[in-house]
Amino acid sequence: MLAFRLSKIQVTGNIIIDMRKALLIGGSNATITHFMSQTTKIDLFDRAILRLIQRDTRMPQRAIAEAVNLSTAAVQRRIAAMERSGVIMRNVAIVDPDQVGLGVTSIVEVNLVDEKAARVDKAKQLFRDAPEVQQCYYVTGGRSFIMLIVAPDMRSYEAITRRLFAENESVASYHSYLALNRVKAGMELVIP
């Protein structure tokens with residue numbers, strides 16, 4: 001009889017389910033057939049699919065199916081389930097900012113007057129609604145927010161900073177770092 005050690009439980013026998021970790025089929029040909037993290041319920045096939053579609057969301061499902069050794073219908077069902085559950089948040093095109101006239105990229109540190117919940121929530125909403133803000137993070141370490149802003153030129157960037165920061169009574173200070181070169185920009189995750 002084959003034995004496995006998962007979390008704090010001893011696993012032996014023919015079929016064992018630990019909902020936090022894995023479905024194991026024991027016996028002489030024991031294999032892990034379904035791996036789950038504690039926060040999401042995606043298995044090894046889902047992870048393989050995600051690795052592929054992060055690189056190219058237009059990859060044909062039959063090519064994905066072939067690459068991960070599943071049927072096209074199974075891949076289609078899995079992708080649809082991951083979209084419904086929010087694992088796949090959106091399918092988007094990555095646009096080169098320089099090609100569409102957005103030549104200024106800035107990383108901005110923002111300090112709020114205080115960290116009261118109402119003030120933080122109001123700032124989050126303002127930054128979330130600003131189309132020029134590409135990414136925004138509420139952070140620790142002496143800053144309130146760190147964000148990435150893209151603008152067509154310095155005049156536009158100045159108008160953005162006035163609207164979001166200089167004329168905002170909730171903002172105590174802000175500091176901009178202008179990017180000289182976009183060395184790497186992307187949202188692809190390393191999926192274990």
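Heavy atoms only: backbone and side chains are in, while hydrogens, waters and symmetry mates are out. Quantities reported herein were computed from a predicted structural model and do not represent experimental measurements.
In this structure, the side chains of Arg128 and Cys136 stay at 4.5 Å or more apart for every pair of heavy atoms. Looking at Glu132 and Val150, their side chains never come closer than 4.5 Å, going by heavy atoms from C-beta outward. Val139 is not listed as a side-chain neighbour of Glu109, based on a closest heavy-atom distance of 4.5 Å or more. Between Gln134 and Thr105, the closest side-chain pair of non-hydrogen atoms is not below 4.5 Å. Contact of the Asp96 side chain with the Arg182 side chain is registered, since non-hydrogen atoms from C-beta on lie closer than 4.5 Å. Annotation: side chain of Ile53 is in contact with side chain of Ile88 (closest heavy-atom distance under 4.5 Å).
Shortest non-hydrogen contact noted between Ser170 and Asn168 is N-OD1, 2.9 Å. Residues Arg143 and Asn111 come closest through the heavy atom pair CA-OD1, 3.2 Å. In terms of heavy atoms, Ala48 sits closest to Val68 at CB-CG1, 3.5 Å.
Between the OG1 atom in Thr72 and the CD atom in Glu66 there is a gap of 9.0 Å [rounded to 0.5 Å]. Considering CD1 of Ile49 and CG of Asp43, their distance stands at 8.0 Å, rounded to 0.5 Å. Distance CD1/Ile42 to CZ/Arg78: 10.5 Å, rounded to 0.5 Å. With rounding to the nearest 0.5 angstrom, the CD1 atom of Ile107 is 9.5 Å from the CD atom of Gln135. Separation of atoms CD (Gln61) and CD (Gln76) is listed at 5.0 Å; rounding is to 0.5 Å.
Applying the under-4.5 Å side-chain rule to Ile, Leu, Val, Met, Phe, Trp and Tyr, the cluster around Met187 consists of that residue alone. Think of Phe165 as one node in a network of Ile, Leu, Val, Met, Phe, Trp and Tyr side chains linked at under 4.5 Å; its network also takes in Val104, Val108, Val110, Leu112, Val120, Leu126, Phe127, Val133, Tyr138, Phe145, Met147, Ile149, Met154, Tyr157, Ile160, Leu164, Val171, Tyr174, Leu178.
A salt bridge between Glu167 and Arg163 is absent, with no side-chain N of the basic residue lying under 4.0 Å from a carboxylate O of the acidic one.
Within 6.0 Å of NZ in Lys124 there are more than 12 heavy atoms belonging to other residues, nucleotides or ligands. No more than 12 heavy atoms of other residues, nucleotides or ligands sit less than 6.0 Å from atom CG of Asn69. The environment of Gln125 atom CD is dense: over 12 non-hydrogen atoms of other residues, nucleotides or ligands sit within 6.0 angstrom.
Within the 3.5 Å criterion, the main-chain N or O of Ala118 finds no donor-acceptor partner in the side chain of Asp121. Arg51 places a side-chain N or O within 3.5 Å of a backbone atom of Ile191 that can act as its donor or acceptor partner.
Linking ILVMFWY residues whenever their side-chain heavy atoms come closer than 4.5 Å, directly or via other members, leaves Met89 and Val87 in distinct clusters. A chain of hydrophobic side-chain contacts below 4.5 Å, direct or via other Ile, Leu, Val, Met, Phe, Trp or Tyr residues, connects Met82 to Leu189.
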